[in-house]
There are 2 protein chains.
Amino acid sequence: MSDHDELIHSLRARGHRLTPQRRLVLEALQHGDHHMSADEIAQTIIAHYPSISVDPATIYRTLRWLRDVDLVSETSLGQNHMVYALLGSDDHHHLVCEGCSGVIEIDPSILDPVRQELKARYGFAARLAHISIFGLCARCQIGEHEG
Amino acid sequence: MSDHDELIHSLRARGHRLTPQRRLVLEALQHGDHHMSADEIAQTIIAHYPSISVDPATIYRTLRWLRDVDLVSETSLGQNHMVYALLGSDDHHHLVCEGCSGVIEIDPSILDPVRQELKARYGFAARLAHISIFGLCARCQIGEHEG
DNA sequence: TCTCTATCTGCAAACAGTTGCACATGTATT
DNA sequence: AATACATGTGCAACTGTTTGCAGATAGAGA
């Protein structure tokens, strides 16, 4: 059984269903290789299947579900909306500059010691996937005091 | 000149104004010793000054301003609203359990190495005040696979 | 004290995202 | 293939928060 089949089976065993709407959202996330907003996912579905419409509420519910079963990350990049990405490859974190809105992608291993310490000290299993750390990039720190 | 006066002066010099509405929001934050939502701040203002009303938009704008000048933290604790707190004393971070919605407050120094590494490696000045780390607490990890 | 203007406020409209409810459907069982 | 019911969907209403705009005002300077 492939990883994919095994995953589906495991989800079904827990009472989850693989509906057409959920397949469409997953397919959209696979097509867009970057982080996508809920609206971009909706647009992608419309572009590929003009005759099908998926309710926004369903897209949001599907994304929350995918996040809860650890298949998708949900990240704020300082915009007015969340962005979503399939987990498992190309994992990274984001440094989001509050001055210029720039985003630096960084290696996820920088948070490994924190994850380990939280587990050891508090028994807490942190979910730290595609998170954002806000602050000021090197360039924007220079003019900070005139702001 | 006191720290407070110096702060006010510094803000004024940068074109910021200390309006009655901003004073009221600050006063509300000083009264509530925990994290407060925008609505709790509005209620506090009404309770203390029943004849004065401050528009919700103004409260949100004031909170964003206070956050931008590093006087206040803005944190999601997994609820449907943000919470705000004055910075400077009682600093900590939060472990938010996505199973039981519990919040564990932890010592902020756990992120110091990360902050230092981000500065050294990327020149990035991270703002890591009263942040939330989401995940599962020890108890909620036990029944995870039946979810 | 008065003037001036960039900043701030209130209002209303907009936005991203969530929720309640009635109906629809995926899937386990037979 | 038919049944049965828990789970999922669409719709509409709602939440928390942001934004555009016109009028108000804090605070610098005369």
Side-chain angles (χ1 to χ4, degrees), chain A residues 5 7-26 35-43 45-46 49 51-69 71-84 98 101 132 146-147, chain B residues 5 7-26 35-43 45-46 49 51-69 72-84 98 101 146-147:
Chain A
D5 288 346
L7 178 64
I8 299 295
H9 183 80
S10 153
L11 290 172
R12 276 215 263 261
R14 286 186 266 167
H16 298 287
R17 294 181 187 171
L18 196 50
T19 64
Q21 291 88 341
R22 290 181 171 182
R23 284 179 196 276
L24 287 167
V25 170
L26 272 169
H35 297 263
M36 298 178 83
S37 67
D39 189 61
E40 284 168 343
I41 291 167
Q43 297 306 321
I45 293 173
I46 290 172
Y49 305 95
S51 62
I52 301 177
S53 88
V54 181
D55 193 86
T58 297
I59 292 179
Y60 282 113
R61 276 188 281 230
T62 298
L63 289 168
R64 184 162 44 170
W65 168 67
L66 289 168
R67 184 200 62 186
D68 289 344
V69 298
L71 290 179
V72 157
S73 64
E74 183 187 48
T75 311
S76 163
L77 294 179
Q79 303 160 294
N80 58 351
H81 55 77
M82 292 287 150
V83 291
Y84 303 85
E98 292 169 321
S101 301
S132 288
E146 292 116 52
Chain B
D5 289 347
L7 178 64
I8 299 294
H9 183 80
S10 153
L11 290 172
R12 276 216 261 261
R14 286 186 265 167
H16 298 288
R17 293 182 187 171
L18 196 51
T19 65
Q21 291 88 341
R22 289 180 171 183
R23 284 180 196 276
L24 289 167
V25 171
L26 272 169
H35 298 263
M36 298 178 83
S37 67
D39 189 62
E40 283 168 345
I41 290 168
Q43 298 305 322
I45 293 174
I46 289 171
Y49 305 94
S51 62
I52 300 177
S53 88
V54 181
D55 192 87
T58 297
I59 292 180
Y60 282 112
R61 276 188 281 231
T62 299
L63 289 169
R64 182 162 46 171
W65 168 68
L66 289 168
R67 183 199 63 186
D68 289 344
V69 297
V72 157
S73 64
E74 182 186 50
T75 311
S76 164
L77 294 179
Q79 304 158 293
N80 61 347
H81 55 76
M82 292 286 151
V83 292
Y84 302 86
E98 292 169 321
S101 301
E146 291 118 53

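So you know, we letter chains A, B, ... as the sequences are listed, proteins then strands, and number each from 1.
- The distance from atom CG of A:L63 to atom P of C:dA16 is 14 Å, rounded to the nearest whole Å.
- If you take CD of B:Q21 and P of C:dC8, they are 11 Å apart, rounded to a whole angstrom.
- Between the NE2 atom of A:H35 and the CD atom of A:Q79 there is a distance of 10.5 Å, given to the nearest 0.5 Å.
- With rounding to the nearest 0.5 angstrom, the CZ atom of A:R23 is 9.0 Å from the CG atom of A:L26.
- Between B:Y60 and D:dT17, a side-chain N or O to OP1/OP2 separation shorter than 4.0 Å is present.
- Counting atom types as modelled, B:R17 pairs a side-chain N or O with a base atom of C:dA6 as donor and acceptor under 3.5 Å.
- Between B:R64 and B:R12, the residue whose closest nucleotide on DNA chain D is further toward the 5' end is B:R64.
- Taking atom CD1 of B:I52 as the reference point, atom P of C:dT9 lies 13 Å away to the nearest angstrom.
- Rounded to whole angstrom, the span from the CD atom of A:Q79 across to the P atom of D:dT17 amounts to 19 Å.
- Atoms CG (A:L11) and P (C:dG26) sit 17 Å apart, rounded to a whole Å.
- The CG atom of A:D39 sits 11 Å away from the P atom of C:dC15 (whole-angstrom rounding).
- The side chain to side chain contact (heavy atoms under 4.5 Å, CB included) test with B:I59 singles out one residue from B:V25, B:L24, B:D39, and that residue is B:V25.
- Counting non-hydrogen atoms under 4.0 angstrom, A:S53 reaches the backbone sugars and phosphates but no base.
- In this structure, B:N80 reaches the sugar-phosphate backbone alone: every heavy-atom distance under 4.0 Å involves primed, P, OP1 or OP2 atoms, never a base.
- The base of D:dG20 lies close enough to the side chain of B:R61 for a donor and an acceptor atom to sit less than 3.5 Å apart.
- For the pair A:L63/A:I41, a side-chain contact is recorded, criterion being any heavy-atom separation below 4.5 Å from C-beta on.
- A:L71 places a side-chain heavy atom less than 4.5 Å from the side chain of A:L7.
- Nearest-nucleotide positions on DNA chain D place A:W65 closer to the 5' end than the other of B:V83 and A:W65.
- A close approach under 4.0 Å does occur between a side-chain nitrogen or oxygen of A:T58 and OP1 or OP2 of D:dG10.
- Distances were taken from every side-chain heavy atom of B:T19 (C-beta onward) to each of C:dA16, C:dT9, D:dT19; the shortest belongs to C:dT9.
- Rounding to whole angstrom units, NE2 of residue B:H16 and C1' of D:dT25 are separated by 17 Å.
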